[in-house]
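Beneath this line is the structure, given in structure tokens, with notes to follow.
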Amino acid sequence: MSLSRKRTKELKKLQSQANNLWESQQTLVGEAADIAREASRQLNHYRREQVAPQVQAGYAKSVDYSKQLLSDRVVPAAGAVVGSALSVWDAANDTRLRLADGKGLGKVDSAAYAKKADKYSKDATKKLAAKLALLEPEKKRMGVGGTIAVILGVAAALGVLYAAWQTLRADDELWVADDPLRAPDA
């Protein structure tokens, strides 16, 4: 059973078109891979130049604010509470000693206890501030912001690669040649 010349000519034309399509697809796949590489490179540059510095600056700003709040408000308030408590403790001890000596309750010298409270609160504040200074962590290579930026950069690059793979993958309905560089025979 032989084919007519017309059919043979049509088949050769169809094979030529298939070869042209195959070559254009190979070119397109190569260009898409180049674009994906360039997008990944640009994303890495953007992460390094834009995202990482902003994340680090925001983290440093919040740490500085927390340190300032702690040293300016919390430590003095804690010192005042400790000083007041120690002053009340002294007043109670003095009263206990007077009662034990049989002198009775007597008059309480509130000015002396106020001076003691001020002294105790200043001492407690100094001690708390010194301990707070010792708790300051040492500098690390990369902080939480840098780690988050790296994770976001990797996730974005993976997203780009997945989108390129979905675009360029072969479906079941399409034919795929065994040799990727050779066009299929008709």
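These numbers come from a predicted model, not from an experiment.
Separation of atoms OH (Tyr120) and OG1 (Thr125) is listed at 14.5 Å; rounding is to 0.5 Å. The CD1 atom of Ile35 sits 12.5 Å away from atom CD of Gln42, with the distance rounded to the nearest 0.5 Å. In this structure, NE2 in His45 is found 12.5 Å from CD in Gln50, a value given to the nearest 0.5 Å.
Following chains of ILVMFWY side-chain contacts shorter than 4.5 Å, one can reach Val144 starting from Leu152, so the two form part of one hydrophobic cluster. Transitive grouping of hydrophobic side chains (ILVMFWY, heavy atoms separated by less than 4.5 Å) brings Tyr46 and Val55 into a common cluster.
Salt bridge status for Lys119 with Asp123: present, with a side-chain N to carboxylate O gap under 4.0 Å. Using a cut-off of 4.0 Å between Lys/Arg side-chain N and Asp/Glu carboxylate O, Glu38 and Arg41 are scored as salt-bridged.
Taking all atoms of both residues into account, the shortest heavy-atom contact from Leu43 to Ala157 is CD2-N, 3.5 Å. Here the shortest heavy-atom pairing between Arg47 and Gly153 reads CD-CA, 4.4 Å. Across every non-hydrogen atom of Ala39 and Val160, the tightest pair is CB-CG1, 4.2 Å. Closest approach of Ala80 and Ser121 over heavy atoms only: CA-CB, 3.7 Å. Shown here for Ala124 and Val82, the closest heavy-atom pair between the two residues is CB-CG1, 3.7 Å.
For Ser16 (side chain) and Lys12 (main-chain N/O), no donor-acceptor pair under 3.5 Å exists by modelled atom type. Judged by distance alone, the side chain of Ser66 and the main-chain N or O of Ser62 form a donor-acceptor pair under 3.5 Å. At distances below 3.5 Å, not a single donor-acceptor pair connects side-chain atoms of Ser40 with backbone N or O atoms of Arg37.
Side-chain atoms of Asn19 and Gln15, non-hydrogen and from C-beta on, do get closer than 4.5 Å to each other. The side-chain heavy atoms of Tyr162 and Leu158, taken from C-beta on, include no pair separated by under 4.5 Å.
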Take Glu10 and Lys13 through the salt bridge (Lys or Arg N to Asp or Glu O under 4.0 Å) test and state the conclusion after the steps. CA-CA 5 Å; Glu10 288 175 353; Lys13 183 178 179 183; over 6 Å; no

Report the C-alpha separation of Thr27 and Glu31 in whole Å, then their side-chain angles, then the decisive distance to 0.1 Å, and conclude whether the side-chain contact (heavy atoms from CB on, under 4.5 Å) test is met. CA-CA 6 Å; Thr27 304; Glu31 289 176 6; 3.6 Å; yes

